[in-house]
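One structure is given below, encoded as structure tokens.
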Amino acid sequence: MQVPTKSDTAGLLNRLVADELPSGSRLAAWDSFLRAHATLMRRVEVDLAQATGLALADFDVLAQLARAGGDLRMTDLAARALISQSGMTRRVARLVEEGLVRRANTDADGRGVVVALTDAGLARLTETAPVHLRGVSELFLAQLDDHELAVLKNALDKVTVDCTFG
């Protein structure tokens with residue numbers, strides 16, 4: 001069996017793209033979206049961790065709880081933070097150990113779990129939110145004008161799919 005050359009491999013991918021996406025030039029928008037998302041998230045994550053010691057995912061949990069008025073059912077928190085139930089369970093367990101949130105059973109049968117911000121969690125959010133928001137502002141919002149932001153929001157809302165991260 002002959003090993004394909006680099007040009008054979010590139011040609012194969014080009015043919016596959018052409019078969020599936022006849023207007024292949026539009027694929028550049030997808031590539032730009034992926035690169036923007038990956039680079040922006042990485043930069044925001046690193047900047048937040050370096051400046052505050054808090055992971056972006058932990059910040060998101062604290063922020064989601066604050067947006068909800070201070071507490072949420074575990075299932076709702078996982079859905080809002082876009083992570084799996086098991087991932088949220090592990091994250092919340094660590095945040096409980098750090099004293100930033102507390103867990104409590106809610107239903108009479110004890111199966112419903114509510115996660116709530118503690119005073120320490122609210123203080124941590126108050127300390128880290130300005131760092132995060134400055135990053136979002138500098139890296140994303142300041143790069144686009146109001147019209148571009150509105151168009152981007154509208155376009156992304158059209159392709160956002162409703163799914164759980166099971």
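- Partners of Arg67 by side-chain hydrogen bond (donor to acceptor under 3.5 Å, both in side chains), not counting sequence neighbours: none found.
- Remark: Asp31 pairs with Arg35 by the side-chain hydrogen bond (donor to acceptor under 3.5 Å, both in side chains) rule, at least two apart or across chains.
- In this structure, Leu65 and Leu72 have side chains that are in contact, with non-hydrogen atoms separated by less than 4.5 Å.
- Leu34 and Leu27 fall within the same hydrophobic cluster, defined by Ile, Leu, Val, Met, Phe, Trp and Tyr side-chain heavy atoms under 4.5 Å apart, directly or through other members.
- Residues Ala120 and Gly99 share a closest heavy-atom pair of CB-O, 3.5 Å.
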* Show your working on side-chain contact (heavy atoms from CB on, under 4.5 Å) between Leu12 and Arg15 and close with a plain yes or no. => CA-CA 5 Å; Leu12 172 63; Arg15 284 190 304 281; 3.8 Å; yes
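- Rounded to the nearest 0.5 Å, atoms CD (Gln85) and CG (Leu77) are 9.0 Å apart.
- The CZ atom of Arg42 lies 13.0 Å from the CG atom of Leu40; values are rounded to the nearest 0.5 Å.
- Among pairs with a residue in residues 48-65, those fulfilling salt bridge (Lys or Arg N to Asp or Glu O under 4.0 Å) read Asp58-Arg91, Asp58-Arg94, at least two apart in sequence or across chains.
- Every pair tested for salt bridge (Lys or Arg N to Asp or Glu O under 4.0 Å) that includes a residue from residues 132-143 fails, sequence neighbours excluded, so the list is empty.
- Under the 4.5 Å side-chain criterion, counting only non-hydrogen atoms from C-beta, Val96 is not in contact with Val115.
- In this structure Ala116 satisfies the side-chain contact (heavy atoms from CB on, under 4.5 Å) test together with Asp71, Arg102, sequence neighbours excluded.
- Legend: ring pair (Phe, Tyr, Trp, His ring centres under 6.0 Å) pairs involving residues 52-75, not counting sequence neighbours, sorted by first then second residue: Phe59-His132.
- Applying the side-chain hydrogen bond (donor to acceptor under 3.5 Å, both in side chains) rule to Lys153 yields the partners Asp157; only residues at least two apart in sequence or on another chain are considered.
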Which side-chain N or O atoms in residues 43-56 pair as donor and acceptor under 3.5 Å with protein atoms at least two apart or in another chain?
from, atom 1, to, atom 2, distance (Å)
Arg43, NE, Asp47, OD2, 3.2
Thr52, OG1, Leu48, O, 2.7
Thr52, OG1, Leu54, N, 3.2

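- For the side chain to side chain contact (heavy atoms under 4.5 Å, CB included) criterion with Leu141, the lone passing option out of Asp146, Leu133, Leu149 is Leu149.
- Hydrophobic side-chain contacts under 4.5 Å tie Val151 to no other Ile, Leu, Val, Met, Phe, Trp or Tyr residue.
- Applying the ring-ring contact (aromatic ring centres under 6.0 Å, His included) rule to Phe33 yields the partners Trp30; only residues at least two apart in sequence or on another chain are considered.
- Two residues are said to be in side-chain contact when any heavy atoms from C-beta on lie closer than 4.5 Å; Val113 and Val92 fail this criterion.
- In this structure, Val101 is not a member of the same hydrophobic cluster as Val114, with clusters built from ILVMFWY side-chain heavy atoms closer than 4.5 Å.
- To the nearest 0.5 Å, atoms OG1 (Thr160) and CG (Leu156) are separated by 6.0 Å.
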* **Intermediate values then yes/no, side-chain contact (heavy atoms from CB on, under 4.5 Å), Thr89 and Arg103** => CA-CA 10 Å; Thr89 299; Arg103 286 193 326 197; 4.2 Å; yes
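- Of all heavy-atom pairs spanning Pro130 and Leu125, the tightest one is CD-O, 4.5 Å.
- With sequence neighbours excluded, no residue forms a side-chain hydrogen bond (donor to acceptor under 3.5 Å, both in side chains) with Arg90.
- Taking the side-chain contact (heavy atoms from CB on, under 4.5 Å) definition, one finds that Glu148 meets it with Leu144, Asp145, sequence neighbours left out.
- In terms of heavy atoms, Ala68 sits closest to Arg80 at CB-NH1, 3.5 Å.
- Residues Met88 and Ala81 come closest through the heavy atom pair CE-CB, 3.6 Å.
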